[in-house]
Number of protein chains: 4
Amino acid sequence: MERPAKSGTSTDVPTKDRLIIAARDLFWSRGYEATSLAEIVKKAEVNSGSLYYFFKTKEELLLAVLDWYMENLFPQLIEPIIAHISDPIERVFALLDGYRKALVATGCTYGCPIGNLTLELGDSLPRAREKLAKNFEDWRQWVRKFLEEAGPRLPEKLDRNEVATFVLTVMEGGVMQSRAQQSLEPFDAGVRQLRTYFYLLTGEHPSSVQ
Amino acid sequence: MERPAKSGTSTDVPTKDRLIIAARDLFWSRGYEATSLAEIVKKAEVNSGSLYYFFKTKEELLLAVLDWYMENLFPQLIEPIIAHISDPIERVFALLDGYRKALVATGCTYGCPIGNLTLELGDSLPRAREKLAKNFEDWRQWVRKFLEEAGPRLPEKLDRNEVATFVLTVMEGGVMQSRAQQSLEPFDAGVRQLRTYFYLLTGEHPSSVQ
Amino acid sequence: MERPAKSGTSTDVPTKDRLIIAARDLFWSRGYEATSLAEIVKKAEVNSGSLYYFFKTKEELLLAVLDWYMENLFPQLIEPIIAHISDPIERVFALLDGYRKALVATGCTYGCPIGNLTLELGDSLPRAREKLAKNFEDWRQWVRKFLEEAGPRLPEKLDRNEVATFVLTVMEGGVMQSRAQQSLEPFDAGVRQLRTYFYLLTGEHPSSVQ
Amino acid sequence: MERPAKSGTSTDVPTKDRLIIAARDLFWSRGYEATSLAEIVKKAEVNSGSLYYFFKTKEELLLAVLDWYMENLFPQLIEPIIAHISDPIERVFALLDGYRKALVATGCTYGCPIGNLTLELGDSLPRAREKLAKNFEDWRQWVRKFLEEAGPRLPEKLDRNEVATFVLTVMEGGVMQSRAQQSLEPFDAGVRQLRTYFYLLTGEHPSSVQ
DNA sequence: TATGAATGAGTCTTCATTCAT
DNA sequence: CATGAATGAAGACTCATTCAT
C-alpha cells in the first residue's frame, strides 16, 4: 500500500524552507513588524507551533531570511549577469536594471528587501542589523569587482570601493523615491545621472552632456 | 483665588502639539508599526482617551506628523542655509551636511524620518504615502531652486530637476548604508562622489580626479 | 430615562475588586501557576483586556491579592475572635480553630492560601515572597499579642515571639498533612499536642498527660 | 571495530533515571506546574520524544519522582541517622537537623519537596496526592519508631503516633516560615520549642523553662 | 476638552503530547 | 529504544479603539 503524500505541497519543500520563503515574502511586502507569525505560518502552510521547532523567536526567523538573501545573491543575481554580459561597467548597470525590473513587477510598491529592513529596524535588532550590513557588503564587493575589471577605463586615482558604495547608494535612494512617488521616474533619473557620471569619468560618451 | 497652571509642562505646549511631537519622535526612532499609541500618550503626557479627540486613528496622527515635517522644512532647514550660505551649489551640500549631523547626533542609528517611513509603509497607508511623496517633492523643489541659481556654471542641457532628484537619492541611499554599517563612511563616500560629479559637471575643480 | 445597570453583578462590585476576589479564590484553590488569567477574567466577569488596565502583570495581581489578605486579617479573623473570646490563650486556639473550619469547609483540600503560595513560589517572585513574609509577620504579631496578654500564666523566661512563631508552625504543618491525608486527624493531632504543651507550660491542666 | 560509548554522561545513568532525577530537581526548585517537560528533557539530556517512551504523561513522571523519594528515604536519610546516633529522641532531632542543612544549603529557598508538592497540587492530581500521603506516612512511621524506642522516658499515656505527626508538623511549618522570611530563625524557633516540649514531657531538662 | 475604564481581537510564544521512522 | 518533526490549544500580554461621564 502506498503512503499518500503528506501535504498538498506539490514539490514537497521542507517545512523550514517553506517558513523562510513565506517570511521572506511577507517581510518584503509588509515589513517585519507588520507581519505576524500567524500570517507566516498560514502562508507557509505550517502548523502554528511548528515554527518554534525551527526558530526560537521571530527575530531568528528574520536572521534566517537574511541568510537566505546572502546565499542567493550570487546564484540568483550575480551569476546570470556574469553569464550574459561581458562589459564590466554594463554589469553594474545590469544590477541596477534588475532592481528596476522588480520595481516594475510590483508596481513600484515593494522595493529592496534589504533596504526596507535596514530602515525599518535601525538598530532595534542588532543581530539583524549586522546581517543587513553583511548583505550590503556582499553587494558592494561584487560591484567593486566589476569596477576593477574595468581597469584603466576609469581614472587611476578613483577609489573603486567608494564608487561601489555610491552605486548601491544610487540604487537604494532611487528605489525609495520611486516607491514614494509610485513612479519609475526617480529611479530612472538616478540611473541616468549615474550613467552621465560614468561617461564623464571614462570619457567614453561625452556628447550626452556637453 | 487664582487658577493654577494645569500641567507641569514648563512651556505649556498644547495637547495636540505634544501628541504630534511625541509621535514624530517615536515614529522616527522606532518606526510606525513598532510604536504603540500607549507609548505616544505616555511620552506626550496625555490621557489615553484624549488622543482620539484630536486624531481619529493612528494613521491620522501619522498624517499630522507628515504635515509637521512639511511645515517645518523651510523654517528649520532651508531658511538657515539660505541665511548663512550664498554659493548655491554649496547650499545643496549644506543640506547633505545637515543630514550628516543628524547621523552623527544619533550615532548612525536614526536616519531620515521620511525615508524610514517610506520604506516601512510602502503603499499600505496610501494617504501617508502621498504625503511622503509630497515631502520628497518639497525637498526636491528646494534643491532644484539652488541648482537653478547656479545658472551657467552647470551644463545648459543638464536637467536640473533630475539632478535634484539625484541629490536626494544620494542623501537617502547614503543614510541607509551608514545606518546598516553604523559608520559615517558610506554616507561620506556618497557625498564625495557627488562632489566629484559636480566638479566634472562644472569643471571647477578637475584636479581631484584627472 | 433611567440608565440600566451596566452588568449583571447584583451588588455592583468594582471591576478591580472583582478581579482581586476572583484571583484570590483561584490562586487559593488551584495555585498561582495553574491558574490562567483567562480563568480569572471569566470568573470575575471582566473583559480579557481590562485586567491589564488595573494590573500590569499576573504578578502584580498576585501582589494585590496578598495585600488583600493583609488588609482583611484583622477585620475578618482577629476582630471576631477578640469580640467573642476573652481568654487570651483560647484566642490563640480560636485562630487554629478558624483554620480547622476552613479545612472542614473544603473537604481538607484547600488549606492556607499564604502557606500554599509560600511553598509554591519560593523565591521565584521576590516581591510576592516579601508580602508573604509580611502576612506571616502580621499573624505572628497577633498571636504574640495574645500570648503577652496571658501575662504570668506562661513562664517568665518563655520567649513569647518564638512561641507565636511555633503556633503558626503548628497551624501550617498541620494543614499540610491534613491536605495530604485528606483527613482532619493530623491537624487535630497537632493542635492537641500544642494544647498539651501549653498545659505543661501553664500548669493549668496537668491531668491530661501525667 | 569497537562500539563507542553512546553518550558523554560519565557514569552512564540510564535514560529513565536521568529523567527522574532531572524532574525531581526541577519540581523541587520550581514546582510542578512551573516546570515544563522541555526543561526536564533538556536537563536530563534526553530527546524530547523519548520521554514518552518511559512516561505516558507529565503526571506519571511526577508519580515516579514520588516513588523515588519513598525508595530513598531509608537509605539516604534514616540509615545514616541510625548508624551514627543511638539516643532515640536525638534521632528525631537529627531528622529535623537534616532539613535544616538542606535549608542552609539552598539559602532558605527550596524547602521540603514533599511539602511543596502537597501544597501546590492539593487534590488536583489524586494519584500524586496519595503518594504524597504515603511519603508522609513513611516519615511518620520512622519518627514513631524512634519515639517508641524512647520507651518509658516519655509519659505512658502519650500517643506516640500523634507526637510523630507533631514532629513532622513542626518540621514542615518551620521550613515554610523560614522560606517566607529567608531566614533560619523560624525553623530554629520551632525546633527549640519542640525541644522544650520534649524536656517537659521527659522531665530530663526542666531548667530551661522553669 | 479631558478622563479613565472598557473592549476583544490580536501579539509572540510555550505547552504537553503524538507521530513516523 | 531513540529521534526529531509535527500538532494545535493555551499561555501571558498588548493592541488600536470606544465609551460614558
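Labels below follow one simple rule: chain letters A, B, ... track the order of the sequence lines, proteins then strands, and each chain is numbered from 1.
- For the pair C:L19 CG and E:dT7 P, the computed distance is 11 Å after rounding to whole Å.
- Which of E:dA16, E:dT13, E:dA2 sits closest to the side chain of D:Y52 comes down to E:dA16.
- For the OP1/OP2 pair of F:dG8 and a distance below 4.0 Å, the side-chain nitrogens and oxygens of A:N47 include at least one atom meeting the criterion.
- For the pair D:E45 and D:R18, the tightest heavy-atom approach, listed with the atom from each and the gap, is O-NH2, 3.1 Å.
- Look at CZ on C:F55: it is 15 Å from C1' on E:dG4, rounded to the nearest Å.
- The cationic atom of B:K58 (NZ for Lys, CZ for Arg) lies less than 6.0 Å from the six-membered ring centre of B:Y32 and within 45° of the ring axis.
- Closest approach of C:A133 to D:A180, counting heavy atoms only: CB-O, 3.3 Å.
- Nearest to the side chain of B:F54, among E:dT1, E:dT11, F:dA16, sits E:dT1.
- With DNA chain F read from its 5' end, the first of the two nearest nucleotides for A:K16 and C:T35 is the one closest to A:K16.
- Across all strands shown, the partner of E:dT21 is F:dA2, judged by Watson-Crick or G-U wobble contacts whose two distances both fall under 3.5 Å.
- Under a cutoff of 6.0 Å and an axis angle of 45°, D:K131 and D:Y69 do not form a cation-pi pair.
- Using a 4.0 Å heavy-atom criterion, one finds that C:S50 contacts the bases of the nucleic acid, with or without backbone contacts as well.
- OP1 or OP2 of F:dA2 has at least one side-chain nitrogen or oxygen of D:T15 nearer than 4.0 Å.
- Protein atom CD of A:E39 is 14 Å distant from nucleotide atom C1' of E:dA9, rounded to whole Å.
- Taking the side chain of B:S36 as heavy atoms from C-beta on, and the options E:dA16, E:dC12, F:dC15, the nearest nucleotide is F:dC15.
- Between A:G49 and C:E33, the residue whose closest nucleotide on DNA chain F is further toward the 5' end is A:G49.
- For the pair C:L51 CG and E:dG10 C1', the computed distance is 17 Å after rounding to whole Å.
- Nearest nucleotide to the D:K58 side chain, out of F:dA16, E:dA16, E:dC12: E:dA16.
- Taking the C1' atom of each, E:dT1 and F:dT21 are spaced 13 Å apart, rounded to whole Å.
- One can place OH of D:Y53 at 18 Å from P of F:dG4, the figure rounded to the nearest angstrom.
- A pairwise comparison of heavy atoms in B:W28 and B:G111 identifies NE1-O, 2.8 Å as the closest pair.
- Using a 4.0 Å heavy-atom distance criterion, D:S48 is classed as a base contact.
- Exactly one of A:L26, A:L19, A:I21 qualifies for a side-chain contact (heavy atoms from CB on, under 4.5 Å) with A:K43. That residue is A:L26.
- Counting only heavy atoms from C-beta on, C:A38 has its side chain closest to F:dG11 among E:dT13, F:dG11, E:dC15.
- Rounded to an integer number of Å, the gap from CG of D:L37 to P of F:dA9 is 19 Å.
- Following rounding to the nearest Å, B:I40 (CD1) and F:dT14 (C1') show an atom-to-atom distance of 14 Å.
- With rounding to whole Å, B:E60 atom CD is found 13 Å from F:dT17 atom C1'.
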